[in-house]
2 protein chains.
Amino acid sequence: MRFMTKHTTASSCSSETRDRTPRPGPGRPRAFDEDQVLDAALQVFWTNGFEATSLDDLTSAMGLSRSSFYAAFGSKQGVLMAVLRNYSASALRQLDELTRLPREEAPMAMLEAISLPKEGPRGCMLVNCIAELAPHHAEVAEIGRTHLQRIEDLFAKALDPQDPERARDKARALSALAIGTLTLRKSGLPPDQIAHALAAARGIVAP
Amino acid sequence: MRFMTKHTTASSCSSETRDRTPRPGPGRPRAFDEDQVLDAALQVFWTNGFEATSLDDLTSAMGLSRSSFYAAFGSKQGVLMAVLRNYSASALRQLDELTRLPREEAPMAMLEAISLPKEGPRGCMLVNCIAELAPHHAEVAEIGRTHLQRIEDLFAKALDPQDPERARDKARALSALAIGTLTLRKSGLPPDQIAHALAAARGIVAP
DNA sequence: CCAATTATGGACCAAGCGGTCCAGATAACT
DNA sequence: AGTTATCTGGACCGCTTGGTCCATAATTGG
């Protein structure tokens with residue numbers, strides 16, 4: 001895929017996922033739950049990557065016919081964007097809860113939450129997409145950038161609840177560290193060795 | 001592409017790049033320089049990713065006809081593997097030179113060399129490939145794992161030339177940190193902010 | 001100069017791709 | 001019940017993909 005097939009219906013080009021959750025009225029209602037279907041799509045994208053996921057992979061995992069798929073999401077990119085927005089929101093929600101831990105525990109807990117997910121070595125969906133698509137796809141880049149920014153904000157809040165700005169650089173370092181471990185994990189490094197590495201980075205957390 | 005098209009000529013499946021540098025003798029000699037051509041391939045893969053690079057992209061960048069291409073490298077994967085081996089060796093060579101700096105400078109110099117390459121935000125070619133392919137391609141995973149292992153070794157050597165083993169975990173943390181910044185960079189974070197983050201991580205380097 | 005051997009360009013291929021479209025089924029509202 | 005709006009399955013489309021093949025050009029050793 002090279003983005004922009006020659007016959008995309010004119011109209012606006014960017015974030016227009018034509019996912020107008022159809023207000024009730026006459027007409028047959030949707031037979032699928034949107035969140036559920038988007039989660040199925042997430043799983044496929046997550047394990048295969050974007051380019052390597054075909055429409056058939058998607059529709060069969062989501063249990064949708066091609067026409068329902070296109071009516072609801074507009075395109076392969078469209079569903080990706082929807083998936084990413086969902087994913088980002090839910091991931092940030094989970095992390096945010098950890099910032100409420102006491103200040104001595106919060107940063108390390110967040111690190112571990114990111115670096116050692118129990119789901120296995122699939123990495124962070126958004127980080128994967130940044131790696132694969134960001135350089136050539138502005139919208140993905142945008143979502144990715146603000147997602148990482150939020151993560152950094154949360155680290156800063158955890159490091160220094162009084163004045164997060166003071167901890168900006170350390171927060172950035174912790175973000176980088178966490179994200180980096182995902183690649184190590186993906187390359188085969190076992191979880192316990194990653195845990196050791198995190199512990200060795202305690203120096204960053206200390207005031 | 002899903003790896004393994006139905007009609008790959010039987011034979012062994014894995015690392016057999018049939019790149020028998022043809023010993024001189026009768027017959028027309030190659031009209032291209034292999035390293036040069038591989039470097040061209042590297043550039044294309046690096047900026048596009050593997051799946052998103054087509055045979056036409058490759059052959060035209062390399063200046064090869066399809067037949068020469070297949071005669072020399074066997075397949076798209078084949079040339080990728082050759083490229084990765086070259087890349088890994090040269091990247092490690094560059095890093096290794098930095099380990100010879102005085103111990104107070106070496107680790108930070110290595111960090112900066114990885115995190116702030118002047119070539120722009122394309123990341124590390126091998127890290128990109130791990131993200132995109134490792135989960136489904138054992139050979140790439142293998143190369144990636146040993147590459148990261150070597151980087152870790154170099155960090156350990158820089159941190160504690162006497163007994164690198166003592167610095168294992170810190171070295172791992174530094175690797176993760178360096179690799180993580182590549183994603184931040186790719187998502188749009190400007191270089192100077194990355195430099196600040198690295199400085200904030202000095203705590204890891206200290207004994 | 002000839003034979004042997006290899007490289008080269010380009011035509012060619014089947015399969016898979018993302019995306020479109022339509023005929024018919026289905027359900028809500030009047 | 002009838003109308004209207006929507007959903008659904010699957011046939012279909014043109015294009016691109018990775019890969020093959022062959023006739024021809026080029027270069028060497030004898």
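Proteins come first, then strands; the chains are lettered A, B, ... in the order of their sequence lines, and each starts at number 1.
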Of the candidate nucleotides D/dG19, C/dG10, D/dG10, which contains the atom at the shortest distance from the side chain of B/Ser67? C/dG10
Please name the pair of heavy atoms, one in B/Lys186 and one in B/Pro121, separated by the smallest distance, quoted to 0.1 Å. CG-O, 3.6 Å
Checking D/dT17, D/dG18, C/dG19 against the side chain of A/Tyr70 (C-beta onward), the nearest is C/dG19
Going by the rule salt bridge (charged side-chain N to carboxylate O under 4.0 Å, His left out), which residues pair with A/Arg185 if we only count those two or more places apart in sequence or in a different chain? none
Output the rounded distance in Å from CZ (A/Phe50) to P (C/dC17). 13 Å
Side-chain atoms of B/Ser65 come closest, of C/dG18, D/dG19, C/dG9, to C/dG9
Lys/Arg-Asp/Glu bridge criterion (N-O < 4.0 Å) met for A/Asp56, A/Arg66: yes
To the nearest angstrom, the CD-C1' distance between B/Glu51 and C/dG16 comes to 13 Å
Tell me the interatomic distance from B/Leu55, atom CG, to D/dT20, atom P, rounded to whole angstroms. 10 Å
Please report, rounded to the nearest Å, how far the P atom of D/dT16 is from the CG atom of B/Asp57. 12 Å
Can you identify which nucleotide, out of D/dT20, D/dA11, C/dC17, has its nearest atom closest to the B/Arg66 side chain? D/dT20
Tell me which nucleotide among D/dG10, C/dT8, D/dT17 gets nearest to the side chain of B/Ser68. C/dT8
Closest-nucleotide 5' rank along DNA chain C - winner of B/Phe32 and A/Ser75: B/Phe32
Give me the ring orientation class for A/Tyr87 and A/His147: parallel if the planes are under 30° apart, tilted from 30 to 60°, perpendicular past 60°. tilted
Atom CZ of B/Phe73 to atom P of D/dG18: distance rounded to whole Å? 16 Å
Nucleotide of C/dG18, D/dT17, C/dC17 approaching A/Lys76 most closely (side-chain heavy atoms): C/dG18
Can you tell me the distance, in whole Å, between the CG atom of A/Leu58 and the P atom of C/dG19? 10 Å
What nucleic acid atoms does B/Phe69 come within less than 4.0 Å of, heavy atoms only: base, sugar-phosphate, or nothing? nothing
Protein-nucleotide distance (A/Leu80, atom CG; C/dG18, atom P), rounded to Å: 12 Å
Interatomic distance, A/Asp56 CG vs C/dG19 C1' [rounded to whole Å]: 12 Å
Any side-chain donor paired with an acceptor under 3.5 Å for A/Gln77 and A/His137? yes
